[in-house]
Student: 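Structure below; questions to follow.
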Amino acid sequence: MPTFGKEERLCSRKVISHLIKNGTTFFNHPFTVKWIEIPLPQNFPIQMLTAVPKRNFKKAVDRNRIKRLTKEAYRTQKDFLLDGLDKKNKALALMLIYSGKKIMSQQETTLKLNIILRQLSKII
RNA sequence: ACAACAGUUCGGUUUAUCGCUGUUCGGGGCAACCCGAAAAGAGGAAAGUCCGGGCAACACAGGGCGCCAUACUUCCUAACGGGAAGGAUUUCGGGUAACCGAAAGCCAGCAAGUGCCACAGAAAAUAACCGCCUUGAUGCCUCGGUGUUAGGGUAAGGGUGAAAAUGUGAGGUAAGAGCUCACGUCCCAACACGGUGACGUGUCGGGGGGGCAAACCUUAUGGGUUGAAAGACCAAAUAAACCGGAGUUUGAGGGCUGCCCGCCCAAUUCCGGAGGGUAGGUCGUUGGACUGCGUUGGCAACGACGCAGCUAGAUAAAUGAUAGACUAAAACAGAACCCGGCUUACGGAACUGUUGUUUUA
RNA sequence: GGCUCCGUAGUUCAAUUGGAUAGAAUGGCAGAUUCCGGUUCUGUUGGUUGGGGGUUCGAAUCCCUUCGGAGUCG
């Protein structure tokens, strides 16, 4: 099911600061991706967080829109990543930082995120 | 009907599929929680943070100094630097004029003190440079005129300047001067009338005259400080530890409050250093100076009464995506403790009023 | 959420606490020098002092408002 509920989001401050300090980073325009493995007993095998820097987008409306587009794209395409994680018995914390300067449409965002998720599943 | 201006209201709707947030109901489960259904889910500015409150904490005794804000009147309001109605002033437009209309503003006080006013000009505020009048000394000569020099009086005149010592007329004088008088302008005080009042009109008296307080300042009034990262509670963890200092017949230091006095605290104390642990949850947190309708008081802002209604509450942060229709990828734009204003951004739609043009009667 | 500061030529900075054409360096342009270019020299250009309004005789400076930018507090 393409859901995106509470337990799929990254909420814990502790895990977030751990991720920012020690996470692995790669970049594929327009997203900077940070990820790290987390100890296994979790409610959901992958916890995700989106971020948009205030420096690039002054208006709250624009930041909200980008986050929503990103979440929507992630929601519809995360299945194959989950399968991979199930097989290898791992859990992930994931952070998507939008580094672009312009707002993309939904189709573009979906395409870009598809590329990135495939890249990530290969690395795992 | 169209256009312009002003004001008020609205601020996309809807169908299908997938998805998000809390709430309620039903079912399952010891419980955590899971499944299903229902109804609800950003704004007129949520913004800027320019003002005012509520609320909370800080041991608000009290006094002085400082700092900040405000500054015509009456009213509205919980309060305001907001709003309403009015007064005076200035500017603009119309009119021969009385006056009418519109707009604006940090509308107390340079008649408390201090300070500043470039350049130009004699002088920028205790005005004598030139000029005018006059006295002494002295030169000349036609013997009452003229020149030189020293002193005194004088603001009528002087090419400057943003601004030049209250305007006009008369008297007065050696020459002159608000020196005196009349009229006029402005200010102050008293009285009468009108008005709740600012103020207006009139009478009488006084005597001030450059400008600048968005110069320091004076007067009056108000303001304790800090802001939900305030604060309360629960859970988890831990260290009543260590080092240095202050201190007990006296006042160092501290008490989140500008400074001083004062008051309060006192080794189970305070301050500093270097470390350890936690960083989750609940409340605060949305029922309120609330919203809608009706009646009613008031010129109005706004108030009173009655009936009905419940209308976001997230916590890394919920409203989105896809396809289509209306009519067009609708504008500005996203709540974060809550209200009242102000200001700024904004595609379009509707209504009302005023002005102009055209058509018909 | 609160608080503080800053906006001047294309760029980097001045302007003696209100006083006159807003100045300097650099840049741009033109000329000289050179066979050509650079360097150097000379001349010249360029400003709504972020925008709007006000006070004043006079505003970059004082006041109000607004726009933009930067910093800071757990």
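Quantities reported herein were computed from a predicted structural model and do not represent experimental measurements.
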Student: Under 3.5 Å for both donor-acceptor distances, Watson-Crick or wobble: does A104(B) have a partner, and if so which one?
Tutor: U89(B)
Student: Tell which nucleotide pairs with A228(B), taking only Watson-Crick or G-U wobble pairs whose two distances are both under 3.5 angstrom.
Tutor: none
Student: Output the distance between atom CD1 (Ile97(A)) and atom OG1 (Thr25(A)), rounded to the nearest 0.5 Å.
Tutor: 7.5 Å
Student: Please classify the glycosidic conformation of U23(B) as syn (within 90° of 0) or anti (everything else).
Tutor: anti
Student: Taking syn as a glycosidic torsion within 90° of 0 and anything else as anti, which one is G207(B)?
Tutor: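 Chi for G207(B) falls in the anti range.
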Student: Check the distance between A321(B)'s P and Lys78(A)'s NZ and give it to me in whole angstrom.
Tutor: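 After rounding, the reported distance stands at 19 Å.
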Student: Can you check the distance between C60(B) and C256(B), where both ends of the measurement are the P atom (answer in whole Å)?
Tutor: 10 Å
Student: Using the P atoms only, state how far A328(B) lies from A349(B), rounded to an integer number of Å.
Tutor: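 Nearest-Å result for A349(B) against A328(B) at atom P: 15 Å.
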Student: Nearest whole Å is fine: how far is A318(B) P from Leu49(A) CG?
Tutor: 12 Å
Student: Both distances under 3.5 Å, Watson-Crick or G-U wobble: report the partner of A39(B), or none.
Tutor: none
Student: Measure the distance from CZ on Phe57(A) to P on G334(B) and round it to the nearest whole Å.
Tutor: 14 Å
Student: Expressed as a whole number of angstroms, how long is the span from Leu111(A):CG to A321(B):P?
Tutor: 17 Å
Student: Closest nucleotide of RNA chain B for Asn64(A) versus for Lys67(A): which of these residues is on the 5' side?
Tutor: Lys67(A)
Student: What's the closest nucleotide to the side chain of Ala60(A) if the choices are A42(B), A335(B), A321(B)?
Tutor: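 Nearest nucleotide to the side chain: A335(B).
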Student: When you measure from the side chain of Lys59(A), which nucleotide among G334(B), A321(B), U322(B) comes out closest?
Tutor: G334(B)
Student: Taking only the C1' atom of each, what is the distance from C50(B) to U343(B) in whole angstrom?
Tutor: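 After rounding to an integer number of Å, I get 8 Å for this pair.
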Student: With a 4.0 Å cut-off on heavy atoms, is Arg65(A) in touch with a base, just the backbone sugar-phosphate, or nothing at all?
Tutor: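 Sugar-phosphate contact only - Arg65(A) comes under 4.0 Å of backbone atoms but never of a base.
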Student: Does any nucleotide pair with G115(B) by Watson-Crick or G-U wobble geometry, both distances under 3.5 Å, and what is it?
Tutor: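 Pairing partner: C212(B).
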Student: Hey, does the side chain of Lys71(A) come within less than 4.0 Å of A318(B)'s phosphate (OP1/OP2), counting only N and O?
Tutor: yes
Student: Between G340(B) and A321(B), how far apart are the P atoms? Round to whole Å, please.
Tutor: 31 Å
Student: Syn or anti: how is G44(B) classified when any glycosidic angle within 90° of 0 counts as syn?
Tutor: syn
Student: Which one is paired to U138(B), where only Watson-Crick or G-U wobble pairs with both distances under 3.5 angstrom count?
Tutor: G147(B)
Student: How far does NZ of Lys78(A) sit from CG of Leu94(A), to the nearest 0.5 angstrom?
Tutor: 12.0 Å
Student: Based on the glycosidic angle (syn within 90° of 0, else anti), state the conformation of U219(B).
Tutor: anti
Student: For residues Tyr98(A) and Thr50(A), determine if any side-chain heavy atom of one lies less than 4.5 Å from a side-chain heavy atom of the other.
Tutor: no
Student: Write down the distance between CG (Leu69(A)) and C1' (A318(B)), rounded to a whole number of angstrom.
Tutor: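 Answer to the nearest Å: 16 Å.
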Student: So what's A304(B) paired with, Watson-Crick or G-U wobble, going by both distances under 3.5 Å?
Tutor: U295(B)
Student: Whole-Å distance between A317(B) P and Arg68(A) CZ?
Tutor: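 These atoms are roughly 12 Å apart.
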Student: What interatomic distance, in whole Å, is found between C1' of G159(B) and the corresponding atom of G121(B)?
Tutor: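 My reading of the C1' atoms in G121(B) and G159(B) gives 11 Å.
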Student: Checking side chain to side chain contact (heavy atoms under 4.5 Å, CB included) for the pair Lys34(A)/Thr32(A): CA distance, chi angles, key distance, verdict?
Tutor: CA-CA 7 Å; Lys34(A) 254 181 185 296; Thr32(A) 304; 5.6 Å; no
Student: Measure from the side-chain heavy atoms of Val61(A) and tell me the nearest of A316(B), A333(B), A42(B).
Tutor: A333(B)
Student: Rounded off to whole Å, could you give me the CZ-to-P distance for the Arg63(A) and A335(B) pair?
Tutor: 9 Å
Student: Of all the heavy-atom pairs spanning Ala73(A) and Thr110(A), show the shortest one and how long it is.
Tutor: CB-CA, 4.0 Å
Student: Which distance, rounded to the nearest 0.5 Å, do you find between the CZ of Phe27(A) and the CD1 of Ile116(A)?
Tutor: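 One gets 8.5 Å once the value is rounded to the nearest 0.5 Å.
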Student: If you go through the side-chain atoms of Arg75(A), does one of them form a donor-acceptor pair with the base of C18(B) closer than 3.5 Å?
Tutor: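 Counting by modelled atom types and ignoring angles, a donor-acceptor contact under 3.5 Å is found here.
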Student: Grab the CD-P distance between Gln77(A) and A321(B) for me, whole Å please.
Tutor: 16 Å
Student: What is the base-pairing partner of U17(B), counting Watson-Crick and G-U wobble geometry with both distances under 3.5 Å?
Tutor: A321(B)
Student: Can you give me the closest heavy-atom contact between Arg63(A) and Phe57(A), atom names plus distance?
Tutor: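 For Arg63(A) versus Phe57(A), the nearest heavy atoms are NH1-O, 2.9 Å.
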Student: What integer number of Å spans the P atoms of U73(B) and A336(B)?
Tutor: 39 Å
Student: Pull up the glycosidic torsion of A42(B) and say syn or anti, syn being anything within 90° of 0.
Tutor: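 Base orientation: syn.
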Student: Work out how far the P atom of G28(B) is from that of U17(B), and round it to whole angstrom.
Tutor: 29 Å
Student: Searching all strands shown, indicate the nucleotide that pairs with G71(C) (Watson-Crick or G-U wobble; both distances under 3.5 Å).
Tutor: C3(C)
Student: For the C1' atoms, the ones on A123(B) and on U154(B), what distance do you get once it is rounded to whole angstrom?
Tutor: 16 Å
Student: Under 4.0 Å, counting only non-hydrogen atoms across every strand here, what does Gln106(A) touch: a base, just sugar-phosphate, or nothing?
Tutor: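 Touches sugar-phosphate only.
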Student: Measuring from Ile123(A):CD1 to Arg118(A):CZ, what's the distance to the nearest 0.5 Å?
Tutor: 14.0 Å
